[in-house]
Every structure is written in structure tokens, then in C-alpha cells.
Amino acid sequence: MGLIQASRGTRDILPDEVSYWQSVEAIARDLLNRAAYREIRTPIFEETALFERGIGEATDVVGKEMYTFADRGDRSITLRPEGTAGVVRAYIQHNLHAQGGVQRLWYTGAMFRYERPQAGRQRQFHQLGVEVLGSADPRADAEVIGLAADILNTVGIRDWSLSLNSVGTLGDRQQYREALVAYFQPYLQDLDPDSQDRLHRNPLRILDSKDPKTQRIAQDAPSILDYLSEPSTAHFNRVQELLQRLGIAYQLNPCLVRGLDYYTHTAFEFQLDTLGAQSTVCGGGRYDGLVRELGGPETPAVGWAIGLERLAILIQQQGASMAPTVDIYCAARGAEAEAQALQVVQTLRQAKLAVEVDLSGSAFGKQMKRADRSGAVLCLIFGEEEAQQQTVQMKWLTSGEQIVQRQSELFDQISELREKILLSKPTKKI
RNA sequence: GCGAGCGUAGCCAAGAGGUUAAGGCAGUGGUUUGUGGUACCACCAUUCGUGGGUUCGAGUCCCAUCGUUCGCCCCA
């Protein structure tokens, strides 16, 4: 068929699935609000230079994954590949730092990277992220990590593992980098081609190569943790101490190197092995140099981003059902009865009950069948007789019990009704 | 960007060169014209992602293309 389909690497989120997204967003919003984070919404595209400068020209994200094009004014525009750069740009542009103190921000939205799609990876995907700007305190690191853990736990994902590392300051990293190059140089011929290529471009990345031979060589490579300066070590130790106090389990992983240049000090990833090759569901860290790099004042910062598609995969794997169901189904037959039904339903909805109306006009048998499938616990039936007497048949689908009720009396009993509906509902998981 | 697999209805699928393309779920109608969940019956793909080729004959073989899945690179 010559039908137009969604572009490669993009997909529609159909109504059945949207409920997952809404629950995740609701949970995150609630948790973040209570932690004094405020939502920020930044544009979906930015000047290309923002990402080149912010993320780093040598990174893969910038080097080969950006959706970049010239607009009609011949400006180079890029669809945002991640959220932090835009948030920091907005922070600087609107002088949010002038408000003093710490800015706690969160965002969610679509991100774009030009990559081969595979499980848990798309060209348009969605992230939810937080950024804490203006605090160098290790408590900020612990706070954001704790929030990520809370969100994952609350949406029903519990078997994550947290990898933790410190990449120190730029200075620490410079020294470490030299040591690494010196270490790997003699083995150059034994490294896999990718790693050979990375030796001078980005030696830290050799550490998490998947090539077995390279891994063996990397095992005895110097550890970043031995190259941290005093203050860097102190910061990292304090972060670990705080995580322990919060009861958050983690593994130290000196090979954890994040792909974007702006990270300093703490780096972390929440992973699950059920995600296939894309095991990371949340990644983040501290980025003390980025704000100044982008032209703002020296501002320490820390944050993370959760991949929402990956989160959705995990939630579905755990079998959590989020299908919304209606409380009440309304069956009606005959013009007058149908009109009365609509009036009653409107009032019920105003009283915060979820009601679905059958529009088929077909036999009551058919309508009841649909009532059953809708998941409603109560079916309201309006026929000719009821219409004449201004009554309604209330049939409880869970018990089969059925009573006649005057329509006018129905509204006096809304709170009892709501209670009874809640009681008859099978308990829903998140 | 590289390598491999897959593409038959809304969904899951059988089909492996030969007259009418299994089956299941969902859906629609009926048995039951004012009462659901069960059961039974009927209907539901002129066509196998798309385009071209081979052949007397193609869902089945070949090529291309698009999509998708898995892996690599990288990342959320």
C-alpha cells in the first residue's frame, strides 16, 4: 500500500498506551512538586551551536546523531537531542541565577537523535529530567539520585541497579586521561579497532568497550578514582555516605563514563538487564562547568534524565495495567429515554463519576454486553417505562442486584453511590 | 553508519511453486425484538508491506525499496 506511515524511528502512542504515560507523568509531577521542583518548558529546537558547545563537538551525539537543518533564514537549527542544554540556555538567558539560591527544575518532552532504531531507542523519544542549578553541595547529588529512585519505585520498577562513579574535575580528568593513554599505548595493536581509534580522541570510552580482549586489557588500567583531587574525593565520599544514609544501594563502577562532555564529579546510571542492549533507564550526573561554558556565571549543577519509552517498556514487562475504566455504563433506548439518560449522565460526570454512554441504540442485550466489557461496575438503564416515570434501573454488574430509582433521588445519593462504586471495583494496580 | 532476521486481517498466526489464502482473539449480526458475563450459529483478506523480475503458474523463488526487530557504535 502506498499509505503514508509514521517516519522511521518515530511512533504513535495509541490511546491504550497513553494511560501509561499519563500515570508516569502524574507520579513524577507529584513527587517533584513535593520536592520543590518547578517545571520548565523550553523549545524543541535550538541553534545548533548550543549543542555543539554544550554537549561537546567530539561526542557522538553531536558528531553524528543530531537532526540539523537550515531554516528559511539560513540559520542552522537542531532538534534538541537532550534537555539539559536548553534548560541551561534558558537559565542564563532569563537570568534565573539572579533570583539567587538554588533553582530546582524539571522538564519532559520529545528529544531527537538520528540513529538506527532498535528496542528502547528511537529517533524521536521522550525524556523526563531534573536539573538542580546553583548548588555544589553533595546533598544535591544525593537528592536527585533519591528522586530518581523514588520515581522508579513508585511506578512499580524495583529491580533496578544503580551504578555510580566520579569523573572528577576537568583537571582531574586531564591527568587521568594522560595516564590512560600511557597505559593503553603499548597494547595498541591488541585493542579492537574502535578502541584504537578512541585512544587519542576519547580514551575514557575504551574502558567500557564490549570487546573481550579490550576488556581484559582495560581490567588493569588505572582507575579514575586514584586520580581524583582531594576535594573531588571528599565530594564523592560524601555523596556515597548520603546515599547509604538514604538506603539507596549502588555499585561503584570506575568504568562508567557518560557520553556528554559536560559531566564533572558524580556520574550515575540506573539500569535494568531486561532492557536488552539499552540497559540504562535513567542517566545523569553533575555538570559544574556547563553554565559558564554557555556564557553564564560559574554555576554548579546536577541532574538526570529518564528515558520514558524505556520506562514504558519496563512497566509493561512488569504487567502493570493502566487501562482506565469507566465507573458507570449507560444503556438507553428510545428518543425520550435517551435524552433523559444524557441529562443524568452529565450530572453524574459533574459529580466526578466516570460514565460511558452507549450510542448504538441497539437492543438492551447488546448494550448490556458492552456494559460488561467496558469494565463498569454499574449499568444505568433507561427505557420507555423509565422515561415515563422519570426513573432509572440501576444494575450492579458485579452482583447482578438491580433496583429502580427515581432520577431526582439519584442525585441526593451521589456520595453513597460513589462509595459503593469504589467498593465494588476490583483494586487496580498502578 | 555497519551486520543479521522478519513483514499474511485491528491483534496473534498456519502456509515451503499448482484450482476457492487454515485457525485463534477481537468485532458485527443472530439463537435471546427490555437486561451482561457462558454456549452455539453466521459474517468478517478478490489478496499476502511496496515496485519490478523469473515461471504456463508466486504469499511461497530473485532483485530493489520501505518499514520493523536484534546486535555493533552510542545513548535515555
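Keep in mind that what you see is a predicted model, and the values were worked out from it rather than measured. Within every chain, numbering begins at 1; the chains are lettered A, B, ... in the order of the sequence lines, protein sequences first and strands thereafter.
- Between B:G30, B:U35, B:C70, one nucleotide has an atom nearer to the side chain of A:Gln402 than all others, and that is B:U35.
- Listed nucleotides B:G36, B:G1, B:C73 differ in distance to A:Arg116; the shortest reach to its side chain belongs to B:G1.
- For the pair A:Glu115 CD and B:C70 P, the interatomic distance rounds to 14 Å; values are reported in whole Å.
- Across all strands shown, B:C73 forms no Watson-Crick or G-U wobble pair with both distances under 3.5 Å.
- Between A:Phe270 and A:Phe268, the ring planes lie perpendicular to each other; the angle is over 60°, past the 30° to 60° tilted range.
- Proximity note for A:Arg8 (side chain, C-beta onward) versus B:G67, B:G27, B:G36: the nearest is B:G67.
- The residue A:Gln271 sits apart from the nucleic acid: no heavy atom pair falls under 4.0 Å.
- Relative to the side chain of A:Arg373, the nucleotides B:G27, B:C75, B:G34 differ in distance, and B:G27 lies closest.
- Between the side chains of A:Arg370 and A:Ser362, at least one donor N or O sits under 3.5 Å from an acceptor N or O.
- Spacing between B:C6 and B:G59 at atom C1', rounded to whole Å, works out to 15 Å.
- Within 4.0 Å (heavy atoms only), A:Gly120 reaches at least one base atom of the nucleic acid.
- A:Phe51 places its CZ atom 15 Å from the C1' atom of B:C75, with the value rounded to the nearest Å.
- Figure legend: A:Arg80 and A:Phe51 shown without cation-pi pairing, the cationic atom not lying both under 6.0 angstrom from the six-membered ring centre and within 45 degrees of its axis.
- Among the nucleotides B:A76, B:U69, B:G34, the one closest to the side chain of A:Glu384 is B:G34.
- Of all nucleotides listed (B:G36, B:A76, B:G29), B:G36 comes nearest to the side chain of A:Lys395.
- Nucleotides B:G71 and B:C25 place their P atoms 33 Å apart, quoted to the nearest Å.
- Rounded to whole Å, the P atom of B:U65 lies 13 Å from the corresponding atom of B:G3.
- Across all strands shown, B:A39 pairs with B:U31; the Watson-Crick or G-U wobble distances both stay below 3.5 Å.
- Scanning all heavy atoms of the two residues, the minimum distance from A:Ala312 to A:Trp21 falls at CB-NE1, 4.4 Å.
- Spacing of C1' atoms, B:U33 relative to B:A26, comes out at 26 Å, to the nearest Å.
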